[in-house]
Amino acid sequence: MVETKGITKSFGALQVLKGIDLSVNDNEIVAIVGPSGAGKTTLLQIIGTLDRPQAGTVKVNGIDPFLLNEKERAAFRNRQIGFVFQFHQLLPEFTALENVMIPCLINKRGYDEASRKARELLDFLRMTDRMKHKPSELSGGEKQRVAVARALVNNPTVVLADEPSGSLDTQHKDELHSLFFELRKAMGHTFVIVTHDANLASLADRIIRINDGIITA
């Protein structure tokens, strides 16, 4: 599903990743934990092809995206990888439904198909009555549900979540954490989650600890 070998990354004189070997299986929920500055987000960005490693290889669904040209890699990212960010990153001028549809439309699916898929996901996530609302009219928990639906709309190989509950209160955190496992059970999704939340990490199938750019446990 996801495999990295010997991933290194430096920013100037600072080496952030020092040879990361990681495998994530199909239908697995993996939590990546560690102190701030340990390299967790950098690793997630490399897996998601948002950044390039200096050395090592990445494979997602058996394909090394860094062997593709820029246009091919963008298309690969759109089809194979879903992203959930801490602060939602929803487009404020669009409704919840439209925000979820966007990756489908980028993937050159028709408007009707994109709308149908987005509605199905928002229904599943109990957002039926909020589809026509813009982000400014949604609660933090609702915005994150829309972000999750957007991440899933192209049925990606893996969903990468970077501190997905970091901006939520306790109730909405618990709801979001339960949602990941509900989605895995219902739809078979694979999640790699970077988190400082000990409760979320404890629920994962496996915990990967990173410290000072290396996997320590």
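These numbers were taken from a predicted model, which means no experiment stands behind them.
Crowding of Glu93 atom CD: a count of heavy atoms from other residues, nucleotides or ligands under 6.0 Å exceeding 12. In this structure, Arg184 places its CZ atom where more than 12 heavy-atom neighbours from other residues, nucleotides or ligands lie under 6.0 Å away.
Side-chain contact check for His177 versus Asp197: some heavy-atom pair is nearer than 4.5 Å. The closest side-chain heavy-atom distance from Arg130 to Arg145 is not below 4.5 Å. Using a 4.5 Å heavy-atom cutoff, the side chains of Leu176 and Leu200 are not in contact. The closest side-chain heavy-atom distance from Asn155 to His189 is below 4.5 Å. Looking at heavy atoms from C-beta onward, Leu22 lies out of side-chain contact with Glu3 at the 4.5 angstrom threshold. Contact of the Ile29 side chain with the Ile193 side chain is registered, since non-hydrogen atoms from C-beta on lie closer than 4.5 Å. The shortest distance between side-chain heavy atoms of Pro65 and Arg77 does not fall below 4.5 Å.
Under a hydrophobic-cluster definition in which Ile, Leu, Val, Met, Phe, Trp and Tyr are linked whenever side-chain heavy atoms come within less than 4.5 Å, directly or via other members, Val159 and Ile47 are assigned to different clusters. Both Val100 and Tyr111 are members of a single hydrophobic cluster when ILVMFWY side chains are connected at heavy-atom separations under 4.5 Å. Both Met127 and Phe124 sit in one connected hydrophobic cluster of ILVMFWY residues. Membership requires side-chain heavy atoms under 4.5 Å apart, directly or through other members. Leu105 and Phe94 fall into different hydrophobic clusters, where Ile, Leu, Val, Met, Phe, Trp and Tyr residues are linked whenever their side-chain heavy atoms come under 4.5 Å apart, directly or through other members. Follow the hydrophobic side-chain contacts under 4.5 Å out from Leu50 and you reach Leu68 in the same cluster.
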Test Cys104 against Glu113 for side-chain contact (heavy atoms from CB on, under 4.5 Å), laying out the working first.
CA-CA 8 Å; Cys104 244; Glu113 182 184 357; 5.6 Å; no
The test is side-chain contact (heavy atoms from CB on, under 4.5 Å); show your working for Leu97 and Arg119 and say whether it passes.
CA-CA 7 Å; Leu97 179 64; Arg119 287 175 184 277; 3.5 Å; yes
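In this structure a side-chain-to-backbone donor-acceptor pair under 3.5 Å is missing from Gln15 to Gly213. A donor-acceptor pair under 3.5 Å is formed between the side chain of Asn69 and the backbone N or O of Lys71. In this structure, the side chain of Asn107 does not engage the main chain of Arg79 through any donor-acceptor pair within 3.5 Å.
Tested against Leu43 for a side chain to side chain contact (heavy atoms under 4.5 Å, CB included), the candidates Val16, Leu17, Val58, Asp51 yield a single pass: Leu17. Checked options Leu138, Thr95, Leu125; the residue passing with Val146 is Leu138 (criterion: side chain to side chain contact (heavy atoms under 4.5 Å, CB included)).
Checked against salt bridge (charged side-chain N to carboxylate O under 4.0 Å, His left out), Lys117 has no partners two or more places apart in sequence or in another chain. Take Lys134 and apply the salt bridge (charged side-chain N to carboxylate O under 4.0 Å, His left out) test, not counting sequence neighbours, and it matches no residue. When the ring-ring contact (aromatic ring centres under 6.0 Å, His included) test is applied to Phe83, the partners found at least two apart in sequence or on another chain are Phe85.
Remark: Lys9 qualifies as a cation-pi partner of Phe11 under the 6.0 Å distance and 45° angle criteria applied to the six-membered ring.
Side-chain atoms of Arg73 and Thr49 form no donor-acceptor pair, as typed in the model, at a separation below 3.5 Å. If you check the side chains of Thr157 and Gln80, you find a donor sitting under 3.5 Å from an acceptor.
For residues 17-28, every residue pair satisfying the side chain to side chain donor-acceptor pair (under 3.5 Å) rule, not counting sequence neighbours, is listed here: Lys18-Asp212, Glu28-Arg206. For residues 31-46, every residue pair satisfying the side chain to side chain donor-acceptor pair (under 3.5 Å) rule, not counting sequence neighbours, is listed here: Thr41-Asp162. Listed by first then second residue, pairs satisfying ring pair (Phe, Tyr, Trp, His ring centres under 6.0 Å) with a partner in residues 191-217 read Phe180-Phe191, not counting sequence neighbours.
Nearest heavy atom pair, residue Ala31 against residue Thr195, reads CB-CG2, 4.4 Å.
Salt bridge status for Glu182 with Arg126: present, with a side-chain N to carboxylate O gap under 4.0 Å.
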